[in-house]
Visitor: 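Please see the structure below; I have some questions.
These numbers were taken from a predicted model, which means no experiment stands behind them.
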Amino acid sequence: MNIIYFVIGNSCLIHMQVKFSLRTILAQAGADDTLYVVTDSPQLYAGLPQTKVIPLSQQDIAAWKGTENFFWRVKMMAIKRVIEEDDTRHVMYLDGDTFLFGKLSDLKGKLDAGIALMHKDEGSISQMPGKSRQMWEQTQGRTYDGITIEEHLHMWNAGVVAIPQTMLHRVIDQALNICDGMLRENVEPIVVEQYSLSITLQRQARQLIPASPYIGHYWHEKQMWYKYIAQFFTRSYCQGLSLQDEINALRQTDLRRTDKKLKLKRRINKITGLDLF
(Lines give C-alpha, C1' and ligand atoms only; values in the text may rest on other atoms or scores of the structure.)
Protein backbone atom coordinates (compact mmCIF):
# COMPACT_ATOMS: atom_id res chain seq x y z
CA MET A 1 0.00 0.00 0.00
CA ASN A 2 1.12 3.58 -0.66
CA ILE A 3 0.50 5.85 2.32
CA ILE A 4 0.55 9.59 1.63
CA TYR A 5 1.21 12.66 3.76
CA PHE A 6 0.96 16.21 2.44
CA VAL A 7 2.71 18.86 4.54
CA ILE A 8 3.83 22.38 3.67
CA GLY A 9 5.06 25.33 5.68
CA ASN A 10 7.65 25.68 8.41
CA SER A 11 5.58 24.98 11.53
CA CYS A 12 7.62 22.72 13.79
CA LEU A 13 4.44 21.48 15.48
CA ILE A 14 2.93 20.34 12.19
CA HIS A 15 6.08 18.54 11.05
CA MET A 16 6.37 16.93 14.49
CA GLN A 17 2.82 15.56 14.15
CA VAL A 18 3.59 14.11 10.72
CA LYS A 19 6.80 12.49 11.96
CA PHE A 20 4.94 10.92 14.87
CA SER A 21 2.17 9.64 12.58
CA LEU A 22 4.79 8.20 10.21
CA ARG A 23 6.32 6.24 13.07
CA THR A 24 2.95 4.71 14.02
CA ILE A 25 2.66 3.45 10.42
CA LEU A 26 6.28 2.22 10.31
CA ALA A 27 5.57 0.19 13.45
CA GLN A 28 3.30 -2.04 11.32
CA ALA A 29 4.41 -1.45 7.74
CA GLY A 30 5.17 -4.49 5.62
CA ALA A 31 7.78 -4.88 2.91
CA ASP A 32 5.19 -3.90 0.26
CA ASP A 33 4.26 -0.61 1.96
CA THR A 34 5.74 2.74 0.91
CA LEU A 35 5.21 6.04 2.71
CA TYR A 36 5.15 9.17 0.55
CA VAL A 37 5.68 12.66 1.96
CA VAL A 38 4.68 15.42 -0.47
CA THR A 39 6.27 18.54 0.99
CA ASP A 40 8.08 21.82 0.48
CA SER A 41 10.48 20.80 3.29
CA PRO A 42 11.97 17.59 1.86
CA GLN A 43 15.12 17.82 4.00
CA LEU A 44 13.06 17.11 7.13
CA TYR A 45 12.07 13.64 5.90
CA ALA A 46 15.31 12.43 4.33
CA GLY A 47 16.58 9.03 5.41
CA LEU A 48 13.33 7.60 6.80
CA PRO A 49 12.89 3.90 5.99
CA GLN A 50 10.36 2.88 3.35
CA THR A 51 9.72 6.57 2.68
CA LYS A 52 9.80 8.49 -0.60
CA VAL A 53 9.83 12.27 -0.49
CA ILE A 54 8.21 14.26 -3.30
CA PRO A 55 9.52 17.85 -3.15
CA LEU A 56 7.10 20.67 -3.86
CA SER A 57 8.12 24.11 -5.11
CA GLN A 58 6.05 27.23 -4.64
CA GLN A 59 5.32 27.05 -8.38
CA ASP A 60 3.97 23.50 -7.92
CA ILE A 61 1.73 24.62 -5.08
CA ALA A 62 0.40 27.57 -7.09
CA ALA A 63 -0.34 25.32 -10.10
CA TRP A 64 -2.02 22.68 -7.95
CA LYS A 65 -4.38 25.26 -6.46
CA GLY A 66 -5.98 25.39 -9.90
CA THR A 67 -7.62 28.23 -11.76
CA GLU A 68 -9.79 29.10 -8.74
CA ASN A 69 -6.74 29.36 -6.43
CA PHE A 70 -8.20 26.90 -3.88
CA PHE A 71 -5.60 25.79 -1.34
CA TRP A 72 -7.10 22.43 -0.35
CA ARG A 73 -7.10 21.32 -3.97
CA VAL A 74 -3.34 20.85 -3.40
CA LYS A 75 -4.14 17.98 -1.02
CA MET A 76 -6.09 16.21 -3.77
CA MET A 77 -3.30 16.84 -6.26
CA ALA A 78 -0.79 15.31 -3.84
CA ILE A 79 -2.85 12.11 -3.92
CA LYS A 80 -3.01 12.28 -7.72
CA ARG A 81 0.75 12.80 -7.93
CA VAL A 82 1.45 9.58 -6.03
CA ILE A 83 -1.12 7.65 -8.06
CA GLU A 84 0.62 8.81 -11.24
CA GLU A 85 3.91 7.52 -9.87
CA ASP A 86 2.54 4.13 -8.75
CA ASP A 87 -0.99 2.89 -9.45
CA THR A 88 -0.26 -0.77 -8.66
CA ARG A 89 -1.16 -0.62 -4.96
CA HIS A 90 -3.93 0.68 -2.73
CA VAL A 91 -3.56 4.30 -1.64
CA MET A 92 -4.23 5.83 1.77
CA TYR A 93 -3.91 9.54 2.46
CA LEU A 94 -3.47 10.67 6.08
CA ASP A 95 -3.60 14.12 7.64
CA GLY A 96 -0.68 14.84 9.94
CA ASP A 97 -2.85 14.80 13.08
CA THR A 98 -3.48 11.06 12.87
CA PHE A 99 -2.06 7.88 14.35
CA LEU A 100 -2.47 4.19 13.58
CA PHE A 101 -3.71 2.09 16.50
CA GLY A 102 -5.64 -0.69 14.77
CA LYS A 103 -4.22 -3.44 12.60
CA LEU A 104 -2.94 -2.15 9.29
CA SER A 105 -3.44 -5.64 7.84
CA ASP A 106 -7.18 -5.49 8.65
CA LEU A 107 -7.48 -2.12 6.94
CA LYS A 108 -5.74 -3.51 3.85
CA GLY A 109 -8.18 -6.40 3.86
CA LYS A 110 -11.06 -3.93 3.44
CA LEU A 111 -9.32 -2.34 0.46
CA ASP A 112 -8.66 -5.78 -1.04
CA ALA A 113 -12.43 -6.32 -0.97
CA GLY A 114 -13.06 -3.09 -2.91
CA ILE A 115 -14.16 -1.16 0.19
CA ALA A 116 -13.02 2.46 0.55
CA LEU A 117 -12.47 4.26 3.84
CA MET A 118 -12.63 7.84 5.09
CA HIS A 119 -12.18 8.84 8.70
CA LYS A 120 -15.86 9.01 9.67
CA ASP A 121 -19.35 9.76 8.40
CA GLU A 122 -20.32 13.29 9.45
CA GLY A 123 -23.89 12.91 8.21
CA SER A 124 -26.07 14.63 5.64
CA ILE A 125 -24.73 18.04 4.67
CA SER A 126 -28.33 19.25 4.52
CA GLN A 127 -28.47 18.93 8.31
CA MET A 128 -25.21 20.77 9.00
CA PRO A 129 -25.09 24.37 10.22
CA GLY A 130 -23.42 27.44 8.80
CA LYS A 131 -21.30 27.35 5.67
CA SER A 132 -21.74 23.61 5.14
CA ARG A 133 -25.49 24.09 4.93
CA GLN A 134 -24.89 26.96 2.52
CA MET A 135 -22.83 24.62 0.32
CA TRP A 136 -25.73 22.15 0.27
CA GLU A 137 -28.22 24.84 -0.71
CA GLN A 138 -25.97 25.90 -3.59
CA THR A 139 -25.38 22.39 -4.95
CA GLN A 140 -28.49 20.29 -4.25
CA GLY A 141 -29.94 18.82 -7.41
CA ARG A 142 -27.00 19.97 -9.52
CA THR A 143 -24.87 17.48 -11.47
CA TYR A 144 -21.08 17.42 -11.46
CA ASP A 145 -19.16 14.95 -13.63
CA GLY A 146 -22.23 12.74 -13.90
CA ILE A 147 -23.12 12.73 -10.19
CA THR A 148 -26.27 14.54 -9.05
CA ILE A 149 -26.00 15.98 -5.54
CA GLU A 150 -28.70 14.36 -3.43
CA GLU A 151 -29.36 14.31 0.30
CA HIS A 152 -28.34 10.67 0.72
CA LEU A 153 -24.75 11.55 -0.26
CA HIS A 154 -23.19 12.24 3.13
CA MET A 155 -20.22 14.31 4.12
CA TRP A 156 -17.27 12.22 5.34
CA ASN A 157 -14.21 13.47 7.17
CA ALA A 158 -11.15 13.48 4.89
CA GLY A 159 -8.47 13.15 7.58
CA VAL A 160 -8.19 9.63 6.15
CA VAL A 161 -8.89 8.75 2.50
CA ALA A 162 -8.19 5.12 1.52
CA ILE A 163 -8.87 4.10 -2.08
CA PRO A 164 -8.77 0.54 -3.50
CA GLN A 165 -6.18 0.04 -6.25
CA THR A 166 -8.79 -0.91 -8.86
CA MET A 167 -10.37 2.57 -8.87
CA LEU A 168 -7.50 4.96 -8.15
CA HIS A 169 -7.54 7.06 -11.32
CA ARG A 170 -11.32 7.03 -11.62
CA VAL A 171 -11.80 8.28 -8.05
CA ILE A 172 -9.17 11.03 -7.93
CA ASP A 173 -10.02 12.36 -11.40
CA GLN A 174 -13.74 12.48 -10.70
CA ALA A 175 -13.23 14.06 -7.27
CA LEU A 176 -11.08 16.77 -8.84
CA ASN A 177 -13.66 17.37 -11.57
CA ILE A 178 -16.42 17.73 -8.95
CA CYS A 179 -14.28 20.05 -6.83
CA ASP A 180 -13.39 22.22 -9.83
CA GLY A 181 -16.99 22.32 -11.03
CA MET A 182 -18.22 23.55 -7.66
CA LEU A 183 -15.46 26.13 -7.41
CA ARG A 184 -16.26 27.48 -10.88
CA GLU A 185 -19.83 28.05 -9.68
CA ASN A 186 -18.59 29.94 -6.60
CA VAL A 187 -19.96 27.31 -4.23
CA GLU A 188 -19.03 27.96 -0.59
CA PRO A 189 -15.54 26.40 -0.49
CA ILE A 190 -15.17 25.61 3.23
CA VAL A 191 -14.90 21.83 2.74
CA VAL A 192 -15.52 21.43 -0.97
CA GLU A 193 -12.51 19.10 -1.46
CA GLN A 194 -13.73 16.86 1.36
CA TYR A 195 -17.27 16.79 -0.01
CA SER A 196 -15.96 15.99 -3.51
CA LEU A 197 -14.00 12.99 -2.23
CA SER A 198 -16.96 11.88 -0.10
CA ILE A 199 -19.39 12.01 -3.02
CA THR A 200 -17.06 10.19 -5.38
CA LEU A 201 -16.21 7.33 -3.03
CA GLN A 202 -19.87 6.81 -2.12
CA ARG A 203 -20.65 6.37 -5.81
CA GLN A 204 -17.54 4.52 -7.02
CA ALA A 205 -16.61 2.14 -4.20
CA ARG A 206 -18.40 -1.07 -3.37
CA GLN A 207 -18.84 0.43 0.11
CA LEU A 208 -17.50 3.40 2.07
CA ILE A 209 -16.79 2.73 5.74
CA PRO A 210 -15.15 4.62 8.64
CA ALA A 211 -11.40 4.34 9.18
CA SER A 212 -11.88 5.41 12.82
CA PRO A 213 -11.65 1.79 14.14
CA TYR A 214 -8.06 1.76 12.84
CA ILE A 215 -6.82 5.34 12.78
CA GLY A 216 -7.18 8.14 15.31
CA HIS A 217 -7.68 11.73 14.16
CA TYR A 218 -7.29 14.22 16.97
CA TRP A 219 -8.33 17.57 15.50
CA HIS A 220 -10.34 18.33 18.67
CA GLU A 221 -7.45 17.41 20.99
CA LYS A 222 -4.58 19.07 19.13
CA GLN A 223 -3.17 20.91 22.14
CA MET A 224 -3.16 17.73 24.24
CA TRP A 225 -1.51 15.73 21.47
CA TYR A 226 1.04 18.50 20.84
CA LYS A 227 2.18 18.08 24.44
CA TYR A 228 2.18 14.28 24.26
CA ILE A 229 4.18 14.19 21.01
CA ALA A 230 6.63 16.84 22.23
CA GLN A 231 7.22 14.76 25.36
CA PHE A 232 7.69 11.64 23.21
CA PHE A 233 10.43 13.23 21.12
CA THR A 234 12.02 15.03 24.08
CA ARG A 235 12.26 11.76 26.00
CA SER A 236 13.71 10.07 22.92
CA TYR A 237 16.36 12.78 22.56
CA CYS A 238 17.33 12.72 26.24
CA GLN A 239 17.60 8.92 26.26
CA GLY A 240 19.54 8.81 22.99
CA LEU A 241 16.95 6.60 21.29
CA SER A 242 17.26 5.68 17.63
CA LEU A 243 14.42 5.82 15.12
CA GLN A 244 14.03 2.06 15.49
CA ASP A 245 13.86 2.46 19.28
CA GLU A 246 11.06 4.98 18.84
CA ILE A 247 9.18 2.64 16.51
CA ASN A 248 9.61 -0.25 18.95
CA ALA A 249 8.31 1.93 21.78
CA LEU A 250 5.18 2.73 19.78
CA ARG A 251 4.62 -0.97 19.15
CA GLN A 252 4.34 -1.34 22.92
CA THR A 253 2.04 1.68 23.40
CA ASP A 254 -1.75 1.49 23.44
CA LEU A 255 -2.40 4.71 21.53
CA ARG A 256 -6.16 4.23 21.62
CA ARG A 257 -6.00 4.28 25.41
CA THR A 258 -3.73 7.32 25.24
CA ASP A 259 -6.27 9.10 23.05
CA LYS A 260 -9.07 8.38 25.54
CA LYS A 261 -6.97 9.79 28.38
CA LEU A 262 -6.20 12.95 26.43
CA LYS A 263 -9.87 13.42 25.54
CA LEU A 264 -10.74 13.19 29.24
CA LYS A 265 -8.06 15.73 30.14
CA ARG A 266 -9.41 18.14 27.53
CA ARG A 267 -12.92 17.83 28.96
CA ILE A 268 -11.63 18.48 32.50
CA ASN A 269 -9.76 21.57 31.33
CA LYS A 270 -12.87 22.81 29.51
CA ILE A 271 -15.08 22.30 32.56
CA THR A 272 -12.65 23.90 35.00
CA GLY A 273 -11.54 26.66 32.68
CA LEU A 274 -7.97 25.86 33.66
CA ASP A 275 -4.99 24.32 31.88
CA LEU A 276 -4.33 21.56 34.37
CA PHE A 277 -2.43 19.23 32.05
Side-chain angles (χ1 to χ4, degrees), residues 1-9 11 13-26 28 35-39 70-83 90-104 106-108 110-111 115-123 125 128 131-132 135 153-164 171-172 175-176 179 189-202 205 207-226 228-229 255-256 258-260 262-263 266:
M1 178 160 63
N2 292 327
I3 298 152
I4 306 167
Y5 293 88
F6 160 62
V7 53
I8 62 174
S11 168
L13 286 175
I14 291 174
H15 288 290
M16 196 164 59
Q17 288 179 90
V18 173
K19 289 188 173 189
F20 183 82
S21 183
L22 279 161
R23 283 157 170 77
T24 70
I25 297 291
L26 288 170
Q28 293 193 42
L35 289 78
Y36 283 84
V37 183
V38 185
T39 180
F70 179 55
F71 175 78
W72 287 111
R73 189 180 186 276
V74 182
K75 169 177 169 176
M76 302 171 75
M77 287 298 296
I79 298 172
K80 182 176 176 64
R81 171 66 177 79
V82 173
I83 290 171
H90 305 312
V91 157
M92 179 168 68
Y93 164 85
L94 297 176
D95 277 354
D97 54 348
T98 58
F99 59 92
L100 176 67
F101 65 84
K103 290 184 178 180
L104 188 59
D106 289 349
L107 192 153
K108 290 179 186 176
K110 301 297 184 184
L111 292 166
I115 298 171
L117 301 94
M118 293 182 70
H119 185 253
K120 71 173 187 176
D121 184 354
E122 296 182 343
I125 193 171
M128 293 180 178
K131 291 183 177 180
S132 295
M135 188 168 70
L153 293 170
H154 282 201
M155 175 76 78
W156 285 68
N157 185 284
V160 181
V161 182
I163 310 171
V171 165
I172 196 60
L176 278 164
C179 177
I190 182 171
V191 283
V192 73
E193 88 292 345
Q194 176 171 279
Y195 196 37
S196 300
L197 287 162
S198 302
I199 291 165
T200 303
L201 285 173
Q202 284 171 87
Q207 187 180 0
L208 177 60
I209 65 171
S212 53
Y214 309 97
I215 295 171
H217 185 203
Y218 53 84
W219 71 96
H220 286 311
E221 286 77 37
K222 280 188 186 290
Q223 295 303 318
M224 290 296 178
W225 273 95
Y226 286 160
Y228 179 85
I229 294 170
L255 288 175
R256 188 169 195 176
T258 299
D259 189 47
K260 289 179 179 178
L262 295 178
K263 281 182 168 68
R266 180 179 69 89

Visitor: Using every non-hydrogen atom in the two residues, find where Lys75 and Tyr93 come nearest and quote the distance to one decimal.
Guide: CE-CE2, 3.1 Å
Visitor: Are any of the side-chain nitrogens in Asp106 or Lys110 under 4.0 Å away from the carboxylate oxygens of its partner?
Guide: no
Visitor: Quick one: pull up CD1 in Ile172 and CD1 in Ile79 and give me the separation to the nearest 0.5 Å.
Guide: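 Going from CD1 on Ile172 over to CD1 on Ile79, the span is 4.5 Å.
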Visitor: Under 3.5 Å, is there a donor-acceptor pair between the side chain of Ser198 and the main chain of Trp156?
Guide: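 Answer holds: yes.
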Visitor: Can you tell me if Glu221 uses its side chain to pair, donor with acceptor, with the backbone of Lys260 under 3.5 Å?
Guide: no
Visitor: Would you call the rings of Trp225 and Tyr218 parallel, tilted or perpendicular if under 30° counts as parallel and over 60° as perpendicular?
Guide: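 The rings of Trp225 and Tyr218 lie parallel, inter-plane angle below 30°.
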Visitor: Calculate, to the nearest 0.5 Å, the distance between atoms CG and CD1 belonging to Leu13 and Ile229 respectively.
Guide: 9.0 Å
Visitor: Could you give me the CA-CA distance, side-chain angles and deciding distance for Leu201 and Val161, then say whether side chain to side chain contact (heavy atoms under 4.5 Å, CB included) is met?
Guide: CA-CA 9 Å; Leu201 285 173; Val161 182; 4.0 Å; yes
Visitor: Measuring only between side-chain heavy atoms, which start at C-beta, is His15 closer than 4.5 Å to Thr39?
Guide: yes
Visitor: Can you tell if the side chain of Asp95 reaches within under 4.5 Å of the side chain of His119, non-hydrogen atoms only?
Guide: no
Visitor: Rounded to the nearest 0.5 Å, what separation is found between the CE atom of Met128 and the CD1 atom of Ile190?
Guide: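 Here the rounded value is 10.5 Å.
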Visitor: If every non-hydrogen atom of Gly216 is compared with every non-hydrogen atom of Phe101, which pair is closest and at what distance?
Guide: N-CE2, 3.4 Å
Visitor: So for atom NZ, which belongs to Lys103, do other residues, nucleotides or ligands contribute more than 12 heavy atoms lying within a distance under 6.0 Å?
Guide: no
Visitor: Go through the structure and list residues passing side chain to side chain donor-acceptor pair (under 3.5 Å) with Gln202, not counting sequence neighbours.
Guide: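 Expected list: none.
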Visitor: Between atom NE2 of His90 and atom CD1 of Ile3, what is the distance when rounded to the nearest 0.5 Å?
Guide: 11.5 Å
Visitor: For the residue pair Val191 and Met135, what are the closest heavy atoms and their distance?
Guide: CG2-CE, 3.9 Å
Visitor: Enter the distance from Leu153:CG to Leu208:CG here, rounded to the nearest 0.5 Å.
Guide: 10.5 Å
Visitor: Do Tyr214 and Val160 have side chains that get closer than 4.5 Å, going by heavy atoms?
Guide: no
Visitor: Closest heavy-atom contact between Thr200 and Val171?
Guide: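 Answer, listing the atom of Thr200 first, then Val171: CG2-O, 3.5 Å.
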Visitor: Work out which heavy atom in Leu111 is nearest to a heavy atom in Ile163; give both atom names and the distance.
Guide: CD2-C, 3.8 Å
Visitor: Side chains of Gln17 and Ile14, heavy atoms from C-beta outward: is any pair under 4.5 Å?
Guide: yes
Visitor: Would you mind telling me which of Val18, Val82, Val74 makes a side chain to side chain contact (heavy atoms under 4.5 Å, CB included) with Phe6?
Guide: Val74
Visitor: Do you know which two heavy atoms are closest between Leu94 and Ser21, and how far apart they sit?
Guide: CD1-OG, 4.4 Å
Visitor: If you define the side chain from C-beta out and look only at heavy atoms, does anything of Trp219 sit under 4.5 Å from Asn157?
Guide: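 Counting from C-beta outward, Trp219 and Asn157 do come under 4.5 Å.
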Visitor: Atom CD1 of Ile209 and atom NZ of Lys120: how far apart are they, to the nearest 0.5 Å?
Guide: 16.0 Å
Visitor: Quick one: does Gln194's side chain have a donor or acceptor within less than 3.5 Å of a partner on Ala158's backbone?
Guide: yes
Visitor: Would you please name every residue forming a side-chain contact (heavy atoms from CB on, under 4.5 Å) with Phe70, sequence neighbours left out?
Guide: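 Listed in chain order: Trp72, Arg73, Cys179, Leu183, Pro189, Val192, Glu193.
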Visitor: Quick one, Leu255 with Tyr228, criterion side chain to side chain contact (heavy atoms under 4.5 Å, CB included). Give me CA distance, side-chain angles, the key distance, then yes/no.
Guide: CA-CA 11 Å; Leu255 288 175; Tyr228 179 85; 4.1 Å; yes
Visitor: Could you walk me through whether Phe99 and Asp259 pass the side chain to side chain contact (heavy atoms under 4.5 Å, CB included) test, one step at a time?
Guide: CA-CA 10 Å; Phe99 59 92; Asp259 189 47; 3.7 Å; yes
Visitor: With sequence neighbours excluded, tell me which residues meet side chain to side chain donor-acceptor pair (under 3.5 Å) with Lys80.
Guide: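 Lys80 satisfies side chain to side chain donor-acceptor pair (under 3.5 Å) with Asp173 once adjacent residues are dropped.
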